[in-house]
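Keep in mind that the numbers below use all heavy atoms, side chains included, and drop hydrogens, waters and symmetry copies. Note that ligands are numbered from 1 as they come in the structure, with each ligand's atoms numbered from 1 the same way.
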Amino acid sequence: MSKNYIFGDVMIGKDELHKRIAELGAEISRDFRGESILAICVLKGAVLFMSDLIRELNVETKIDFMAVSSYGASTQSTGVVRILKDLDSNIEGENVIIVEDIIDSGLTLKYLKDYLLARHPKTLKICTLLDKPERRQADVKADYIGFTIENKFIVGYGLDYNQLYRNLPYISYLEEETQK
Ligand code: IMP
Ligand code: MG
């Protein structure tokens with residue numbers, strides 16, 4: 001028996017994505033009116049979301065990037081988080097918003113949140129494009145959520161399978177096809 005993956009349908013189309021991201025941008029701008037924001041993109045998956053989201057913010061915004069490893073070439077979180085690229089900036093006293101592609105087990109984000117809180121930001125919020133609450137293992141909640149979705153393996157709009165499909169302009173998913 002071997003496992004193959006086949007593409008599912010389009011789950012969230014381009015227009016729906018952009019409409020929701022504009023709403024999130026407006027919500028964040030309202031919450032931080034008169035303040036400045038430091039948006040931290042969690043590489044690589046959040047890169048498309050981040051670039052669209054920050055264009056919808058009308059408050060003073062700085063950006064930075066972090067890279068962490070959670071998945072290898074499989075579709076299961078190991079719970080082991082490694083910092084591959086740390087921030088360039090000092091976040092002390094900043095209104096930090098972690099921008100994530102998806103919260104699955106929550107293990108990555110839980111680690112990242114504690115790691116960043118130890119550096120004393122003024123506030124720390126989490127903004128995720130997708131949330132898969134069914135799979136949660138760590139106690140972590142996002143403050144801004146684009147879409148709450150069912151338990152499927154997502155690809156597209158930044159999300160990958162074996163580093164592929166990040167460039168799709170919409171959200172799709174992979175289904176396991178079991179062959180004899
Ligand atoms: P977590 O630690 O299990 O919450 O997931 C950490 C990271 O795994 C996410 O930020 C994604 O980059 C990746 N990931 C989780 N679920 C999926 C998925 O369905 N498709 C692609 N990547 C995923
Ligand atoms: Mg990620």
Between K132 and ligand 1, which part of the residue brings a heavy atom under 4.0 Å of the ligand: side chain, backbone, both or neither? side chain
Does D114 CG have over 12 foreign heavy atoms under 6.0 Å away? yes
Check each atom of ligand 1 against the heavy atoms of K152 and keep those under 4.0 Å away; list them by number with element. 19 (O)
What are the two closest non-hydrogen atoms of G8 and S172, and how far apart are they? O-OG, 3.3 Å
Quick check on Q137 - does any of its heavy atoms sit under 4.0 Å from an atom of ligand 1? no
Answer yes or no: is there an ion pair linking E27 with R30, defined by an N-O contact shorter than 4.0 Å? no
Within the 4.0 Å heavy-atom cut-off, what L109 brings close to ligand 1 is neither
Check this for me - ligand 1, L159, N or O atoms closer than 3.5 angstrom, yes or no? no
Just go through L129, I102, L174 and tell me whose heavy atom is the nearest to atom 23 (C) of ligand 1. I102
I'd like to know if R119 pairs up with D86 as an ion pair, taking the criterion as any Lys NZ or Arg NE/NH1/NH2 lying under 4.0 Å from an Asp or Glu carboxylate oxygen. yes
Centroid-centroid distance, Y165 to F7, less than 6.0 Å: yes
Which ligand 1 atoms are under 4.0 Å away from a heavy-atom of T108? 1 (P), 2 (O), 5 (O), 6 (C)
If you draw a 6.0 Å radius around NZ in K85, do more than 12 non-hydrogen atoms from other residues or ligands fall strictly inside? yes
Find all atoms of ligand 1 within a distance of less than 4.0 Å from any non-hydrogen atom belonging to D160, and give their numbers and elements. 21 (C)
Any atom of ligand 1 sitting under 4.0 Å from a heavy atom of S105? yes
Taking only non-hydrogen atoms of E100 and a 4.0 Å limit, the atoms of ligand 1 in range are 10 (O)
Residues D131 and R136 bridged, charged N to O under 4.0 Å: yes
Consider only side-chain N and O atoms of Q163 and K44, and report whether a donor and an acceptor are under 3.5 Å apart. yes
With only distance considered, is F153 within less than 3.5 Å of ligand 1 through an N or O on each side? no
Identity of the nearest option to atom 16 (N) of ligand 1, non-hydrogen atoms only, from V42, D104, L112: D104
